[in-house]
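Okay, so here's the structure we're looking at.
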Amino acid sequence: MKYYKCGGETFELTLNPFPFKCKRCKGNEALIEIPSQGIKVCLTCFNQIFENRLKNTIKRYRMFRNTKKVGVFVSGGKDSAALLFSLKKVFPELVLQAIHLNLGIQYYSDLAEETVRKLCQEIEVPLYVYNIPKEEGYSIDHFVHTMFKNKICSVCGVIKRYLFTKIAKNLGIDVIATGHHLDDTVSTMLTLFFQGDFEGIVRLGPVLPPLYPGQATKVKPFYHTPEKDIFYYTALNKIPVETCTCPHGEITPSKKNKKIIEEWEKENKQFKYQLLSVFVKKLIPLLKTHPDYKLSSSEFKSCVKCGEITTASDEICSRCKRVSLIENLKEKKLELTPEEFKEFIENHPKDDWRVFDLREKEDFEKSAFEGTLWVNPEIVQASYRKLSKLFKPYRNKTLFFYCYTGRLSYILTLKLRKLGFKAFNISFPERLLIS
C-alpha cells in the first residue's frame, strides 16, 4: 500500500512475513515491525499495542470525562480515519459523531467525502457533512485569487477551526477529537519555539479546555502515537482513506522541521518522545505560570460580521477577514467548459492565448486541439521555480490546460495561478477533442 501526503511525502508498506514468531505473543507469525519500538509482531499484537496506547492516552489525560458526545472531524486522510475507526473499536459505548467538511476543492473534495461516507457506513457511525460551497458560496480554491494564494493551508486551517467550533455547538458536541499525532505535535512545537510563539506552544497540549462558554473541549487521542504507526494501522486494517492528495499541499516550516526530527530519530528511536516530554513536562507548565498566557472569557467578544467569538482586539474574526477577500472578487473562475473556452478564443486574437495538452505524447500526436502545445504530464511535480522558468515566455498570455480527466491539468492551473499566471483548466476534455 502507498499513501501520498500533501506536500509530496509518501508512505509505503509491503508485507513480507518474517521467518520467526511474533516477539510479543510468541505464537503467530511476525508480520510487521513497530518503528517506534523496533520489535516485530503479528497483526493481532500490533493492533493491541496501537489500541492500548490510544486507550491509555485518553485515560491518562481524562479526555472523555463527563462527555456526552464526541465529534470526530474526518477529512478522508489516514489520521482522522484511523482515529474514528479505533475509537469505535476501543470505546464501543462512546457516542460518536463523524463530521466532514467538503472544502469545494475541485477534483479532490468530492472524492474525499465519498471515502468518508464509505468509512462511516462500514463502522456504523453517523456522519454530518458540511459543504462549504453550498452553505457559504465559496471554496478553498478561490483563495488563489487573493493575497493568500501561497498560503492556502494557513487559510484552510483558519476556516476549519472556525467551523469546528460552530458545527460542534450546533450538534451539541462537548468534545472534539482530532487526528493530530506525535509527529505533528513535536514538529509544530519546535517550529513555534523557533518563532518565539510560546502562547501557541501552550495550546498544543493533549487537552485544550474551552476558552469561553459554549465551546467544546479539544483533545488529541493520538498525542503519543507516531505517524508511521497510524499509517500501518490504516493499511493493515484496510481502513478506507483518500487515494489522492490535496492540490494545495505545501511544504510548511513544520514539515521541514519534521524531516530534521526524523534524521535525529535515526540515531535515537525515542527522540520524539523525549522532545515531547521536555515540552509537556517542563516548558508548557512553566509558560502557564506567566500571566500573559492566561486568557479569560472577558478577552473575547462577538465578531461584528458572523457573531462568532473573536479576540477583544478584533472587531472581525480571522475567518471573516479572509472570506471577505473572496466576496470582493469580480472573477473567481479557474476552469472553463469546452464551450466557454471556444467562445473565448473566438473573441480574442490568437497571440493572446496558448493551449497545452498534458496527456501522454502518443495520445497528443493522435488527437489534439488545433494549435495545442504538448507538455510532459510529469511537469506537474516540478518546483515552482522551474514552472516559473518554463512558462516565462507566456507570462502575458492567457493559458489553457487539459488532460485526460481534468484533474492533472487543474493542479497545474492552480500552481501557475499561485505564480501569477492567468491560467485556466478545461473541463470535460473529451468533448473538446471530439468536437
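What's counted below: heavy atoms across the whole structure, side chains too, no hydrogens, waters or symmetry copies. Along the sequence shown, the residues carry numbers beginning at 1.
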| field | Glu122 (side chain) donor-acceptor with Leu119 (main chain) under 3.5 angstrom | value | no
Glu227/Lys78 under salt bridge (Lys or Arg N to Asp or Glu O under 4.0 Å): CA gap, chis, key distance, verdict: CA-CA 9 Å; Glu227 183 175 19; Lys78 65 178 182 5; 2.7 Å; yes
What one should report as the nearest heavy-atom pair of Val90 and Leu54 is CG2-CD2, 4.1 Å
Within the side chain of Ser80, is there an N or O that forms a donor-acceptor pair under 3.5 Å with the backbone of Val74?
no
- request: Assert yes or no for the condition that the ring centre distance of Phe424 to Phe401 is strictly below 6.0 Å.
  value: no
Item to complete: Return yes if some donor-acceptor pair links the side-chain N/O of Asp314 with the main-chain N/O of Cys317 below 3.5 Å, else return no.
Response: no
### Query
Just by modelled atom types, is the Glu378 backbone N or O under 3.5 Å from a matching donor or acceptor in the Asn376 side chain?
yes
Are side-chain N/O atoms of Asn257 and Thr191 paired as donor and acceptor at under 3.5 Å?
-> yes
Which of Phe222, Tyr232, Phe231 passes ring-ring contact (aromatic ring centres under 6.0 Å, His included) with Phe50? It is Phe222
So, for Tyr384 and Phe391, is the gap between ring centers shorter than 6.0 Å? no
| task | Return yes if a side-chain donor-acceptor contact under 3.5 Å exists between Arg407 and Gln106, otherwise no. | result | no
Test item: Ile316 and Thr310 side chains (from C-beta on) under 4.5 Å apart, heavy atoms | no
Per salt bridge (Lys or Arg N to Asp or Glu O under 4.0 Å), Glu327 is matched among Lys321, Arg322, Lys305 by Lys305
Note to self: Tell me whether the rings of His224 and Tyr61 are parallel (<30°), tilted (30 to 60°) or perpendicular (>60°).
What the structure shows: parallel
Closest non-hydrogen atoms of Ala423 and Leu416, given as atom of the first, atom of the second and distance, are CB-CB, 4.1 Å
Exercise for the section: Assess whether atom OH of Tyr273 is packed by more than 12 heavy atoms of other residues, nucleotides or ligands within 6.0 Å. Expected result: yes
Handout entry: Glu114, CD atom: more than 12 neighbouring heavy atoms under 6.0 Å
Key = no
*Keeping the roles fixed (side chain from Asp174, backbone from Lys69), state whether a donor-acceptor pair exists under 3.5 Å.*
yes
Practice prompt. Determine yes or no for a side-chain-to-main-chain donor-acceptor pair under 3.5 angstrom, with His100 supplying the side chain and Val129 the backbone.
Written response: no
NZ (Lys228) and CD (Glu33) are apart, to the nearest 0.5 Å, by 9.5 Å
message: For Phe400 and Phe341, I'd like to know if the aromatic rings sit close, meaning centre-to-centre distance below 6.0 Å.
response: yes
Exactly one of Lys301, Lys166, Lys169, Arg161 clears salt bridge (Lys or Arg N to Asp or Glu O under 4.0 Å) with Glu308, and that residue is Lys169
State, with a plain yes or no, whether a side-chain heavy atom of Tyr108 is found less than 4.5 Å away from one of Pro247.
yes
Exercise for review: Output yes when a side-chain donor or acceptor of Thr67 lies under 3.5 Å from a complementary backbone atom of Phe64, and no otherwise.
Suggested key: yes
Checklist entry - Okay, side chain of Asp229, backbone of Thr225: is any donor-acceptor separation there less than 3.5 Å? => result no
Would you say Phe198 and Val202 make side-chain contact, with heavy atoms under 4.5 Å?
-> no
Interatomic distance, CG@Leu419 vs CG@Leu414, rounded to 0.5 Å, equals 11.5 Å
Problem set entry | Val70 and Val95, any side-chain heavy atoms less than 4.5 Å apart | no
Where does the angle between the aromatic ring planes of Tyr128 and Tyr130 fall among parallel (under 30°), tilted (30 to 60°) and perpendicular (over 60°)?
-> tilted
- Query: Where the side chain of Lys21 meets the backbone of Ala30, is there a donor-acceptor pair that is under 3.5 Å apart?
  - Reply: no
Original post:
Can you find a side-chain donor-acceptor pair between His248 and Lys418 that sits under 3.5 Å?
Top reply: yes
Note, Ile99 side chain near Leu127 side chain (heavy atom, < 4.5 Å): no
Open item on the list: For a 4.5 angstrom cut-off between non-hydrogen side-chain atoms, does Tyr223 reach Val280?
Closed with: yes
### Side-chain heavy-atom pair Tyr404, Glu360 within 4.5 angstrom cut-off
yes
_Side chains of Tyr233 and Asn47 only: does a donor on one sit below 3.5 Å from an acceptor on the other?_
no
Short side-chain to backbone donor-acceptor contact, Asn131 and Lys134, under 3.5 Å: yes
So with a 6.0 Å cut-off around NZ of Lys397, is the heavy-atom count from everything else above 12?
yes
Take atom NZ in Lys389; do more than 12 heavy atoms of anything else shown fall under 6.0 Å from it? no
- Lys258 and Asp184, any side-chain heavy atoms less than 4.5 Å apart: no
